[in-house]
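To keep things clear, I will list the structure first and then write my remarks on it.
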Amino acid sequence: MMPGKNPVLEITGLRTQFFLNEGTVTALDGIDLTIFENESIGIVGETGCGKSMTAFSVLRLIPHPGKITAGSIFFMEPPEVRARRRQLEAEARNWYAKQSLDQKKKLVATHDPRFAGTKKKPKPMTAAEIRKIVPPEKAPDSVVNDYLSNKAKQLPKEDKIGRDAALRAYDLLTKSIEQMRGIRGKFISMIFQDPSTSLDPVFTIGDQLGEIISLHQNVYDEAILNKKILQVLGLVRIAAPESVVKQYPHELSGGMKQRVMIALALSCSPTLLIADEPTTALDVTIQAQVLNLLKEVVKKSGSSMMLITHNLGVVAETCNRVCIMYAGRIVEVAETYELFGKPQHPYTKGLLTAFPKLGERKDELTVIKGTVPNLMNPFPGCSFVDRCDFATDQCRSVRPTMVEVAPGHFVSCHLYPAGGESGNV
Amino acid sequence: MMHPRKSLNDKLKTWQMAGGVKQMIADILERGGRNKMVIIGFSIIIVMVALAVLAPVLPLADPTPRQLDPADQTLSPSSHHWFGTDELGRDVFSRVIWGARVSLTVATMAILVSLIIGVVLGLTAGYFGGVVDYIIAGTIDLFWTFPAFLLALAFAAALGPSLSNVILAISISYWAGFARLMRGQALTVRERLFVEASRALGAKNGRIMFTHILPNCIAPLIVWASVGVADAITIESSLSFLGVGTQPPTPSWGYMLYRGIPYLEEAPWIATFPGMILLFTILGFNLFGDGLRDVLDPRMKGLRR
Amino acid sequence: MADLVAYVIRKILLAIPVIILATFIVFLMLYLTPGDPVIAIAPPHASVDEIQKLRVKYGFDQPFIVQYGKFLWRLMHGDLGTSVGRATLNLNVGDLIVQRLPRTLELMAIGLAISYSLGIPLGIFSARRQNSWGDRSVMVFTLVAYAMPSFWLGILLMLLFAVYLGWLPAEGTVGGYGSIALPAITLGVGNAALTTRMMRSSMLEVTRQDYITQLRSRGLPEREIIYKHAVKNAILPVITVIGLDIGWFVGGAVVVETVFAWPGLGMLITTSISNHDFPVVQGCILILALFVVFGNLMADILYAYVDPRVRLG
């Protein structure tokens, strides 16, 4: 199915941090990602690179002591609102660029990053501290957001599109917990990695499915509910659904549990389905079955899918776009064939060569040298620098920006310097 | 070159680098030092143990005087008698301190015996497996479900009231907990490679059991022992309260409480002071054990705000 | 359901060796007494003839196994011996016990009710507000309540409510609802502390589980997640401990009855001990032990009913 033009999910500048006794871990360091209608995008990376964190951030299920400290996640934003919002944002950036140095410093000072994520009220900065600030060239997101909120107050009430745009009404991060609950499970749904631990062990399958269906579809009549439960079980190709309904999770095999999980996730036909390593905990023989099932039901329901995995083979099978993550940052995004055929980022190249291919003879498995960096110390440069064969001094001190090297193909690496504008992927 | 004496902190740091058992102990000491429960509990334990040990040399009134002056009976607390006097005219403060000696002796001896029996049986069961394990584990389960107090009561009642009988009774009731712990540890460690390696190098079974398995279990053993002493003090005082424990005139907190009941209205100090000190002591051992258990639980590390 | 029945049968079969061990220990008690075992079971001022008759009846000159066999035989016929205490001389021990048993049972029942109705909600409350002042005060309360031996707590409560406030009677023999209050509260509060801590740590652990996150990801309201899903899972370890709790209660009842002069089995044991009435002591211990076994069995069955995974075990 061809992906649509309109974005279903638009993540910009997402930063998620964990505030521990030992220090602050930056799990996601400024993620930009867009998912379009009817598309399946794979998020690939090593353990700890932040792929699951992205999923949890979208659903705002980050556990304490974690917090989303920056960015926005626009979900199902109507195209008109989006257009208007981007217009306003451009306006804000222009306005910032025209400010004097001193004025810029003051603007940046109102959002002290040192107090991000704490409950403490930020102490206002002294004049001396303000003078020391080096304001960035591009308008920081906090300044842009402030500009937009101010603009919202000026807009007339009837201008609904304008107000929605300025107030960032479709940004999940502005929503209350109550509103998020209305979205979770109904519009955005998640499939968890280990079905053995992700299902409540003391309730039957029927109970758990019924609970979700009646919650989101307001079905209370038992007969109708049972019918729907059996229907959705049929959708995931579970044999003998009438007996499965009465069983407990521990009585089912891994594959069947994962199907139940898929049923739970799809029971309300969500717009976005997030699958967090859906096949990692399963037998190899079952993996293919479950993946095929996933592809099929996603296509049928017209949902978009964010498939998180460390397995490139899975991605090749199921996704039409791929996103490679490393140490909390996105390093490359492209359509599947394009990425596999012409990988640009050194990490991607390393991954592809390390992945053993059928029919290929190797005496030694290729390995990317080094280990994943510690996410506790924010790194000014490119996070891949210690393991990269092409690293330069610039890589150590300057963070690369995302550049479009071919239509729809984005890379974040100094090998591909920012020529024109940095793309919003 | 002069080597200045290393401070305690430095020694701790060196041990931490050393790896192995030393590192484990150093880690625990450091984390324990930061845990409030451990510190409070430990302080209480030190105080009570010190009082118990030093009782004979402290300037206390005679806790079991032969001659009693009726005029001394049930005097309120004063500078002369800090905790007042009991119904027979004896100084309550002195009896409380001497009672500490009795209770702590009984409790520690009982737990020590329990520990030895339990550790040996548990290790044997877990390490050897098979029939040996089946029999021992079965016995452990049987004794485990029996309420320790009831068992101790049965034995104390049968054997007749005396200090050593109480120790024996408590030991018989309490060993199962230690055995269970050690058996579990032995079972998990048995799987580990270094035991295999050690055996391959020809170490005898006994040596393996003690040098490899036991050191890893020191920490949970201390936790159990501490909580065990608290339990043992409770059992001993309950038994004394019922009349099957330490017999008069030996001062025992439980018995003092029993004698204090009829005087609750007119002379509440007879029962109250022993009771408070009893509670205080048990609390100390519980705090220490619980605090240590928290320290050992790795999941709680690192959270803030 | 069928697996539940199979599980129950298995558990009953497993309880049998425990019962046998209990009878053996009680049997053994006689031989632990200092001196000639006959003295323990002979009435005071018994004549030489009577003592000889007892020797034959109990078979003291015969091998151990035979004596144990005779003991079991007598048990199965409901003969627990005859009292040798002053006040109850020659009364059937079984009768004495049956007279007192209901009083102990009702004390324990109310104590259990107090314990769980206090402990479980407190544990949930504490877990939901982890590290808040509410949580900390609950933890302090549980620490103190747990460290307090039952008899001391009983004395304190007696001091407070009966002596100073005069609200509740101190003696259990008065009768009516008032007199059971203090002993039952004493029993209940002590165990409530344990229950609270178990429930709290269980809740904390359950809410960290993957399936709770999964339920949140489906948009279920938090109330439902906590009270329907989390509590049902968290209560399982607490139920497993009910068996141990019952054991604790039995021991505690003995002590509490003595403090408040409550006319149950516990009081009977204590007075019998001071009267050197060995047969009664023996009989009581046996009945109490059986009660513990039975209680454990009920607890196991309850647990299997609630948690279907256990039925395979």
Side-chain angles (χ1 to χ4, degrees), chain B residues 37 138-139 141-162 165 168-169 172 230 233-244 253-254 257-258 260-261 264-265 268 271-272 274-276 278-287 290 299-300 303, chain C residues 14 17-18 20-22 25-26 28-35 40 131 143-144 146-156 158-159 162-164 170 197 204-205 208 243-244 246-252 254-255 258-259 266 269-270 272-274 278 281-282 285-286 288-289 292-293 296:
Chain B
M37 280 168 83
T139 323
D141 274 341
L142 291 179
F143 273 85
W144 172 249
T145 46
F146 254 82
F149 178 63
L150 210 59
L151 212 52
L153 182 63
F155 279 102
L159 291 165
S162 90
N165 287 338
L168 191 63
I172 298 178
I233 297 179
T234 310
I235 296 180
E236 184 272 325
S237 53
S238 304
L239 289 177
S240 304
F241 181 80
L242 294 176
V244 273
W253 292 331
L257 271 150
Y258 178 66
I261 294 186
L264 271 183
E265 234 174 308
T272 319
M276 307 258 270
L278 174 62
L279 173 62
F280 187 66
T281 313
I282 297 179
L283 200 60
F285 280 96
N286 269 328
L287 277 175
D290 280 346
R299 280 174 296 170
M300 297 296 154
L303 294 180
Chain C
L14 279 174
V18 185
I20 295 181
L21 177 71
I25 290 182
V26 173
L28 210 59
M29 277 173 67
L30 185 57
Y31 298 92
L32 295 173
T33 55
N131 290 330
L143 267 171
V144 175
Y146 178 63
M148 213 179 263
S150 329
F151 59 92
W152 175 223
L153 181 62
I155 292 179
L156 268 180
M158 199 196 284
L159 197 63
V163 176
Y164 283 139
R197 294 171 106 203
L204 287 178
E205 188 161 337
R208 283 189 228 285
L244 286 174
I246 291 185
W248 187 93
F249 265 89
V250 167
V254 173
V255 170
T258 311
V259 172
I269 288 188
T270 317
S272 308
I273 289 178
S274 34
F278 189 80
V281 176
Q282 208 182 18
I285 299 268
L286 182 63
L288 287 177
V292 171
V293 174
N296 274 319

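Labels below follow one simple rule: chain letters A, B, ... track the order of the sequence lines, proteins then strands, and each chain is numbered from 1.
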Derivation of the side-chain contact (heavy atoms from CB on, under 4.5 Å) call for C/W248 and B/L150: CA-CA 9 Å; C/W248 187 93; B/L150 210 59; over 6 Å; no
Among residues at least two apart in sequence or on other chains, which ones pass side chain to side chain contact (heavy atoms under 4.5 Å, CB included) with C/I273? B/L153, B/A157, B/V244, C/I269, C/V281
Give, as side chain, backbone, both or neither, the part of B/N165 having an atom under 4.5 angstrom from any heavy atom of chain C. neither
Please classify the contact between B/I233 and chain C as side chain, backbone, both or neither, with a heavy-atom cut-off of under 4.5 Å. neither
Quick one: pull up CZ in B/F241 and CD1 in C/I155 and give me the separation to the nearest 0.5 Å. 5.0 Å
Of all heavy-atom pairs linking C/G247 and B/P147, the shortest is O-CB, 3.3 Å
Pick whichever of B/I235, B/T272, B/L287 has the most heavy-atom pairs under 4.5 Å with chain C. B/T272
Pick one of side chain, backbone, both or neither for C/V26, based on which atoms fall under 4.5 Å of a heavy atom in chain B. neither
B/L151 portion near chain C, given a 4.5 angstrom heavy-atom threshold: side chain
Hey, are the side chains of B/L242 and C/F151 touching, using non-hydrogen atoms and a 4.5 Å cut-off? no
Would you name the heavy atoms of C/W152 and B/L257 that are closest together and state the gap between them? CE3-CD2, 3.4 Å
Which region of B/T281, side chain (C-beta onward) or backbone (N, CA, C, O), has a non-hydrogen atom less than 4.5 Å from a non-hydrogen atom of chain C, or is it both or neither? neither
Sequence neighbours excluded, the answer for side chain to side chain contact (heavy atoms under 4.5 Å, CB included) partners of C/A147 is B/L279, B/I282, B/L283, B/N286
Whatever's closer than 4.5 Å to a heavy atom in chain C on B/A154 counts as both
So, taking the atom named OG1 in B/T234 and the one named CE in C/M148, what distance separates them when rounded to the nearest 0.5 Å? 11.5 Å
Is B/M37 close to chain C through its backbone or its side chain, or both, or neither, when contacts mean heavy atoms under 4.5 Å? side chain
Looking at B/S237, B/A148, B/G243, B/G260, which has the largest count of heavy-atom pairs under 4.5 Å with chain C? B/S237
